[in-house]
Number of protein chains: 2
Amino acid sequence: MSTTPSARAPRRDATENREAILAAAKIVLNRDPKAPLEAIAAASGLSRRSIYAHFANRDDLLRELVSLGALRVASALDTVTHPDPLTRLALIASRLWHEVESVRVMAVLAVRGPLASDTGTALRSVRSSVREAISDGRADGSIRQDVPVDLLARLVEGAALGVLEEAARTPLPAEEGHRLVILMTLGAVGLGWREAGNFIDERPDLQWKDAD
Amino acid sequence: MSTTPSARAPRRDATENREAILAAAKIVLNRDPKAPLEAIAAASGLSRRSIYAHFANRDDLLRELVSLGALRVASALDTVTHPDPLTRLALIASRLWHEVESVRVMAVLAVRGPLASDTGTALRSVRSSVREAISDGRADGSIRQDVPVDLLARLVEGAALGVLEEAARTPLPAEEGHRLVILMTLGAVGLGWREAGNFIDERPDLQWKDAD
DNA sequence: AATAACTTTCACAACACTGTGCAAGTTATT
DNA sequence: AATAACTTGCACAGTGTTGTGAAAGTTATT
């Protein structure tokens with residue numbers, strides 16, 4: 001008679017396997033988002049049947065995967081704080097790229113596809129800080145005023161996603177993508193290309209840093 | 001013993017039906033791109049079985065639909081000629097919007113989805129004239145020089161598509177979309193927002209004109 | 001009015017995949 | 001070594017769709 005009603009604790013390898021499945025799914029689905037469970041199972045070293053021991057169904061696995069990713073992204077972006085709205089936006093773009101470039105296909109899918117609403121929930125804070133940066137920038141004149149804030153926020157997101165999509169199709173080097181996503185974000189909010197380029201060059205925080 | 005080996009000519013209603021199917025597909029698939037043939041059949045007033053009298057299979061229908069659309073777009077855009085590269089780009093964006101805004105979902109799908117290569121073939125001339133405009137604009141200094149021409153061409157396409165995608169999700173008014181797609185295109189090639197806005201305002205060809 | 005062209009209806013095979021049941025195996029934990 | 005936790009393999013039902021076949025009906029064309 002110990003603490004819990006269950007006679008024994010869950011085995012350690014079980015949780016390891018669970019993560020193996022998620023890891024495999026991340027890789028496999030990033031290559032082909034509608035790969036059958038069989039493929040994921042194979043990549044994880046387990047049988048298809050075993051997946052059902054960890055996830056109720058395919059959708060469950062997908063949702064878990066995406067929302068874990070979204071949470072990771074959100075927590076990485078939530079620490080971005082900077083008085084200048086443009087810099088804030090640029091930093092968000094930059095970190096976003098950093099977080100997501102290794103799972104480009106899935107990332108696009110997570111935001112566009114049918115899981116978009118789950119992703120949306122997890123990224124609510126990010127979206128609202130983009131919106132806020134835009135509306136701040138509008139106020140201080142650093143951001144375009146010819147497009148409504150909300151619409152612009154979505155277009156900015158679209159611009160960043162555009163780079164991501166391009167990067168999902170062709171193997172754009174990570175460093176190039178980094179600069180590009182910032183350039184396009186700044187472009188979307190209204191900066192000219194020289195302005196945007198200088199903006200980046202003048203700010204050390206916006207330079208490319210290789211992975212840890 | 002007349003001219004052709006076939007004893008009689010194809011019936012007129014047959015070709016009408018064929019077009020009814022295409023028309024129905026256009027509407028139905030634009031609402032749900034993976035709607036079953038049954039749905040298209042219903043919308044066209046025919047039976048599912050009859051579709052197979054006109055198209056070998058689903059893919060065939062899809063391809064026909066998309067490539068007809070692409071041809072229409074291509075022929076509408078091929079008439080765009082203007083000495084100034086920026087204006088040329090803006091005109092392309094503007095006409096593009098005009099041609100596809102009523103089939104936003106399908107348009108996005110045609111360019112992104114698995115039919116992309118067919119679409120690509122039909123739109124080759126468009127793509128190359130975008131590329132040319134960009135490279136001309138680079139030469140005369142009106143377009144950004146910090147991004148390689150080919151990459152920029154794809155990003156410009158992405159920018160336009162971004163507006164289209166936004167427009168596919170939310171019911172963006174046609175007129176607003178018109179201006180937006182030009183603004184974003186010009187933004188992508190490096191113009192600042194005021195520059196882009198003025199650019200449009202100064203040119204009568206770039207103003208919104210309601211449907212015929 | 002005759003005839004070929006076209007459509008319909010119903011039935012059915014095929015496919016690719018999901019999700020479940022169960023018996024037999026393997027492995028971590030105690 | 002005992003036991004619960006986990007995995008496996010196989011079989012199978014279910015689903016939603018595509019594509020075909022064939023007989024019977026309808027309609028444009030001559």
>> Pair B/Ser125, B/Ser128 - check side chain to side chain donor-acceptor pair (under 3.5 Å), show working.
In response: CA-CA 5 Å; B/Ser125 63; B/Ser128 85; over 6 Å; no
>> Per the ring-ring contact (aromatic ring centres under 6.0 Å, His included) rule, what does the pair list look like for residues 144-174 of chain B, sequence neighbours excluded?
In response: none
> Is the backbone N or O of B/Ala90 less than 3.5 Å from a side-chain atom of B/Ser94, with the two atoms forming a donor-acceptor pair by type?
Replying inline: no
> Do A/Ile182 and A/Leu91 touch side chain to side chain, with heavy atoms closer than 4.5 Å?
Replying inline: no
>> Donor-acceptor pair, distance only, cut-off 3.5 Å: does the side chain of A/Glu16 make one with the backbone of A/Arg12?
In response: no
> What stems, by residue range, does DNA chain D take part in, given at least 3 consecutive Watson-Crick or G-U pairs under 3.5 Å?
Replying inline: C:1-30 with D:1-30
Check nucleotides 23-30 of chain C against the protein and report each pair of N or O atoms closer than 3.5 Å, with its distance, or say if there are none.
residue, atom, partner, partner atom, Å
C/dT27, O2, A/Arg11, NH1, 2.6
C/dA28, O4', A/Arg11, NE, 3.4
C/dT29, OP1, A/Arg12, N, 3.4
C/dT29, OP2, A/Arg12, NH2, 3.2
C/dT29, O2, A/Arg8, NH1, 3.1

> Which parts of residues 15-33 of chain B get close to DNA chain C, meaning a heavy atom less than 4.0 angstrom away?
Replying inline: B/Asn17
All N/O pairs under 3.5 Å across the protein-nucleotides 15-17 of chain D interface:
none

> Which residue, B/Ala14 or A/Tyr52, contacts DNA chain C at a nucleotide closer to its 5' end, judged by nearest heavy atom?
Replying inline: B/Ala14
>> Can you tell me if B/Arg72 has over 12 outside heavy atoms packed within less than 6.0 Å of its CZ?
In response: yes
Between the protein and nucleotides 8-13 of chain D, list the N/O to N/O atom pairs that are separated by less than 3.5 angstrom.
residue, atom, partner, partner atom, Å
D/dT8, OP2, A/Ser47, N, 2.9
D/dT8, OP2, A/Ser47, OG, 3.1
D/dT8, OP2, A/Ser50, OG, 2.5

